[in-house]
There are 2 protein chains.
Amino acid sequence: MTSQQASGIAATDSDDLVDTLVQSAFATMAVLTRIAAEHDLSLTQLRVLAILRDRRPRMTALADYLGLEKSTMSGLVDRAERRGLLERVPGAGDGRAVDVQLSTAGAEIVDRVHDTIREALAPMTSELGPAEQRRLQNLLRRMFPPRSPESAA
Amino acid sequence: MTSQQASGIAATDSDDLVDTLVQSAFATMAVLTRIAAEHDLSLTQLRVLAILRDRRPRMTALADYLGLEKSTMSGLVDRAERRGLLERVPGAGDGRAVDVQLSTAGAEIVDRVHDTIREALAPMTSELGPAEQRRLQNLLRRMFPPRSPESAA
DNA sequence: TATTGTTATACTCTATAACTATA
DNA sequence: TATAGTTATAGAGTATAACAATA
């Protein structure tokens with residue numbers, strides 16, 4: 001029984017694409033939030049670690065990417081650093097800059113979480129056949145194209 | 001120029017369905033969070049108001065639905081009630097129960113936010129043709145079926 | 001002067017534990 | 001006893017404003 005069934009709150013009938021997108025986003029985020037919490041991470045902390053997986057950005061770049069204030073970033077990095085998940089290192093070439101990188105422990109936990117997320121979403125994705133999965137991915141990517149520096153005008 | 005382009009953080013190449021789903025969910029949530037903030041609402045407050053749009057649930061039902069503790073619910077309802085967005089009313093038939101309902105002001109704001117969300121997501125959905133939109137909706141609904149009390153075993 | 005980052009402060013969100021009132 | 005809800009407390013996430021150090 002889901003929490004909704006327990007709560008007696010029913011889904012509405014209005015069901016256009018926007019509603020479906022929003023509901024799917026909440027369902028996906030609920031999975032991510034739950035798995036992050038199982039590893040004592042907030043969703044934001046998990047995002048930070050995930051970004052650091054293959055990058056070592058400046059504090060400012062990290063804040064920009066996440067859409068957060070630099071002061072918020074300081075707090076997030078403080079707490080993650082205190083837990084030994086990441087490290088601050090002097091930014092190359094600029095005496096003011098601070099780069100952020102994963103620690104070994106941080107890299108391990110983000111790998112584990114990544115695997116767990118894939119397992120947790122597998123029951124959903126496996127509702128679709130291989131061709132349908134490709135089609136869904138193509139449709140979503142057209143709506144939400146991956147952002148990259150090369151696409152700058 | 002997007003914040004990512006400014007930040008110099010590039011998307012990775014690994015791009016299976018799970019990654020696309022997660023990225024799409026974050027992109028969608030970013031839109032919702034931004035629009036909620038423009039109306040001085042947190043995402044959670046917006047969810048509360050959206051649920052109340054066509055329902056008048058108990059405190060407990062609301063907390064269950066959102067996956068929050070009842071004490072958290074008390075705080076959320078406190079702040080929303082203080083702002084005049086909703087009202088507590090005695091629950092029918094149980095002297096302990098409290099039902100929650102939108103105020104007129106709350107109903108107005110949730111309608112406005114709802115419209116704004118549709119407008120904000122329109123550029124994305126309109127990347128797809130009508131048949132593609134139907135296909136995407138069907139695929140997503142198969143992965144994330146709408147929860148309803150009737151589906152209980 | 002402008003930029004990078006931190007610190008101080010305040011508010012929201014969240015959970016746990018203890019409590020009151022009702023069932 | 002069990003359930004519905006609130007209150008007290010604590011910690012995380014967030015923003016704004018003021019600051020220090022570097023460019």
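Each chain gets a letter, A, B and so on, in the order the sequences are listed, and its residues count up from 1.
Distance, R58(B) CZ to dT6(D) P: 12 Å, rounded to whole Å. Regarding M59(B), its CE atom lies at a distance of 18 Å from the P atom of dT3(D), rounded to whole Å. At whole-Å resolution of the value, CZ in R79(B) and P in dT6(D) are 13 Å apart.
One finds the CG atom of D111(B) at 10.5 Å from the CG atom of L49(B) (value rounded to the nearest 0.5 Å). The CG atom of L17(B) sits 12.5 Å away from atom CZ of R135(A), with the distance rounded to the nearest 0.5 Å. Note that the CE atom of M59(B) and the NZ atom of K70(B) stand 10.5 Å from one another [nearest 0.5 Å]. Atoms CD and CD, from Q137(A) and Q133(A) in turn, are 9.0 Å apart once rounded to the nearest 0.5 Å. Atoms OG and CZ, from S74(A) and R79(A) in turn, are 10.0 Å apart once rounded to the nearest 0.5 Å. The line from CG of L136(A) to CG of L136(B) is 6.5 Å long, rounded to the nearest 0.5 Å.
Minimum heavy-atom separation, L76(B) to Q45(B): O-NE2, 3.7 Å.
Contact annotation: the side chain of L41(B) approaches that of I109(B) to within less than 4.5 Å [non-hydrogen atoms, C-beta and beyond]. Counting heavy atoms from C-beta on, the side chains of R88(A) and D78(A) come closer than 4.5 Å.
Residues from residues 25-41 of chain B lying near DNA chain D, meaning a heavy-atom separation below 4.0 Å, are absent.
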### Task
Let me have a per-nucleotide readout for nucleotides 16-23 of chain D, 5' to 3', with B, S or -, counting only protein heavy atoms under 4.0 Å.
BB---BBS

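Where DNA chain C meets chain B (any atom under 4.0 Å from a heavy atom), the bounding nucleotides read 5' to 3' are dT12(C) to dA23(C).
Here D19(A) does not pair with R141(B) in a salt bridge; the nearest charged N to carboxylate O distance is not below 4.0 Å.
For dG5(D), neither phosphate oxygen OP1 nor OP2 lies less than 4.0 angstrom from any side-chain nitrogen or oxygen of R88(B).
Heavy atoms of S74(A) sit under 4.0 angstrom from at least one base atom.
A donor-acceptor contact shorter than 3.5 Å is absent between the side chain of R58(A) and the backbone of A97(A).
Each of D78(B) and L68(A) was assigned the nucleotide of DNA chain D with the nearest heavy atom; the assignment lying further toward the 5' end belongs to D78(B).
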